[in-house]
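Written out below as structure tokens is the structure these notes cover.
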Amino acid sequence: MARMHLWVLFGMLGLLTTTDSRLISSRISQEQIKLFSNKTDVSKSLMRFALKRVRALRDLSGVSLEKEILVDVKYHGGESIRHGVKETVPRYQRMVVYDDETSQYRIVRGEVEQVVRKEKVVENSTTLSLKFEASGSVQQDVDLVISEDMDGKMAVSKFTLTFGIQEEGSNLKPQWEYLFDDNMVLSRKENPILKVMSVNIWNFNHWKERQSLLQDTLIETLPDIIGFQEVRSKKACKSKCKRQNRNQAADIARILPGFQYVFRGAMMFEQDEELHQEGLAIFSRFPILDTSYKKLSRDPSDSGDFHQRLCLRALVSTPIGKVNFFVTHLSLSEKARERTMEEVAEYVNSFPEPSVIVGDFNSVIHKELPDWPQYHGFQDVWKEIYPSAEGLTFSSWLPRSRIDYIFASKQLKTLEVTIEGKDSKPSDLPPIGGVYNMKGVLFPSDHMFPCATLTRST
């Protein structure tokens, strides 16, 4: 029970932050600690650990868009061994406050969405009151004050979390309050972050049934820029064909309203009276300033190099500055991969801005070509945080290899990296698309999705 209470409490600590990056102070009275530890089976030593964790909430960041506030908070998670040294691994959680210029805000945190009236508007500040139900008997109440500066930039200027645990008929309400520095000046954040993700969507295989799982994953993680692979469209190629035209990029756009995107087809083929096109897509929460692509070479004599491959680029204006975001999907042929990886590196390095490269490389690069990232000035973001962990991404039903990667140029620093897309739902659908045993469950894709939080290097 004690572990459950603390787990729920720690999850709530990842709720909110501000458009300024400021240190915050957390205050809990000794009486509250005593009350909490005496009335439940949580030991005082565990409560001291909980208090230490609250004080570890230091690095706050966020960004105000035209009609929304991205709310990020960094807190300390578990530990990892990096280069023989035990280090604390950071965790980042995100919510979004949408302002539709009415009398309400729409709040999205993970899979939970609330609509809250704007109340107590005083001197360009609005107070929101939220309620979140957690597992068991825990409930959290959040009071959030949103302020606006002279330039119209919004920030979270106060955040109060009150949680209660029902224990034998009593409802305990210790209050934890987070206040920003008294001399805080609303301005652009000082330590911005960028959240990127790579997603192979497994083309149209059970696509209708998987869309909700993919949507849940994207809502839960709320990435800023996503590189999609195996994005297909189908067009009926005979006038009497009763099949409807379908486009996965358009489906994703419905999942991610407000995102800008670019799609580029790599190859076309006819199948079952339909014209198929498969390619790459980049979706961005932030403005896309420019796009281009490079057609990768093929060897007609190589039987494994039968698909046309691309590298797609989008120059994006992000909170950490202009970033060139690249997505690719490489050949099944090892010989072709070695050749086209050099082409990708040359293309990426032809642009001066900081770069992020994501995609399905169809290769365990850190074993087959371990020197490739360093030689070309890139860093494998997973290895930056977890040098000895495998980080498997394929397949979802039987994880056995890491073939989906995120690389970043040296101008960027990796803060956190996770593997997403692990949630599933029961299914009696038949095997398809190279998956021969679906084990009665369905995943968002046959791949899992690396996701990284980045900032500018100092």
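Worth saying up front: this structure is predicted, and the values here are computed from it rather than measured.
Looking only at distances, no side-chain donor or acceptor of Arg456 sits under 3.5 Å from a matching main-chain atom of Leu412. Put simply, the side chain of Arg285 gets close to the backbone of Pro223: a donor and an acceptor are under 3.5 Å apart. The main-chain N or O of Tyr293 is found under 3.5 Å from a side-chain atom of Tyr347 such that the two form a donor-acceptor pair. Side chain of His329 to main chain of Asn362: no donor-acceptor pair is present (N/O by atom type, distance under 3.5 Å, no hydrogens or angles).
For Lys410, the NZ atom counts as densely surrounded, since its 6.0 Å shell holds more than 12 non-hydrogen atoms of other residues, nucleotides or ligands. Within a 6.0 Å radius of NZ in Lys295, other residues, nucleotides and ligands contribute 12 heavy atoms or fewer. Counting heavy atoms of neighbouring residues, nucleotides and ligands inside a 6.0 Å radius, atom CZ of Phe269 exceeds 12 of them. When the shell of 6.0 Å around OH of Tyr375 is examined, it contains 12 or fewer heavy atoms from other residues, nucleotides or ligands. Crowding of Glu209 atom CD: a count of heavy atoms from other residues, nucleotides or ligands under 6.0 Å exceeding 12.
Checked by atom type, the side-chain pair Glu343/Ser297 shows a donor-acceptor distance below 3.5 Å. There is no side-chain donor-acceptor pair under 3.5 Å between Gln229 and Asp360. Using modelled atom types, one finds a donor on one side chain and an acceptor on the other under 3.5 Å when comparing Thr393 with Asp404. Judged purely by distance below 3.5 Å, without hydrogens or angles, the side chains of Asp446 and Ser396 never pair a donor atom with an acceptor atom.
When each of Trp207, Phe449, Trp397 is checked for a ring pair (Phe, Tyr, Trp, His ring centres under 6.0 Å) with Trp202, only Trp397 meets the rule. A side chain to side chain donor-acceptor pair (under 3.5 Å) with Ser333 is found for exactly one of Thr340, Asp299, Asp302, namely Asp302. Partner Leu442 forms a side-chain contact (heavy atoms from CB on, under 4.5 Å) with one of Pro426, Ser212, Ser427, Ser424 and no other, that one being Ser427. For the side-chain contact (heavy atoms from CB on, under 4.5 Å) test with Leu415, the passing option among Leu454, Thr453, Ile385 is Thr453; the others fail.
The ring of Phe259 has its center no closer than 6.0 angstrom to the ring center of Tyr261. Residues Trp372 and Phe407 bring their aromatic ring centres within 6.0 Å.
Closest approach of Leu392 to Met448, counting heavy atoms only: O-CE, 3.5 Å. Counting all heavy atoms, side chain and backbone alike, Phe325 lies closest to Ile282 at O-CD1, 3.5 Å.
Between His307 and Ser331 the shortest side-chain heavy-atom distance does not fall below 4.5 Å. Here the side chains of Ile403 and Phe361 are not in contact, with every heavy-atom distance at 4.5 Å or above.
Taking the charged nitrogens against the carboxylate oxygens, Arg402 and Asp380 do have a contact shorter than 4.0 Å, which makes a salt bridge. Between Asp305 and Arg339 a salt bridge is recorded (basic side-chain N to carboxylate O distance below 4.0 Å). Using a 4.0 Å cut-off between a side-chain N of Lys or Arg and a carboxylate O of Asp or Glu, Lys322 and Glu353 do not qualify as a salt bridge. Under a 4.0 Å N-O distance rule, the pair Arg337/Glu368 qualifies as a salt bridge.
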Chi angles and distances behind the side-chain hydrogen bond (donor to acceptor under 3.5 Å, both in side chains) call for Ser355, Asn324: CA-CA 5 Å; Ser355 299; Asn324 270 309; 5.0 Å; no
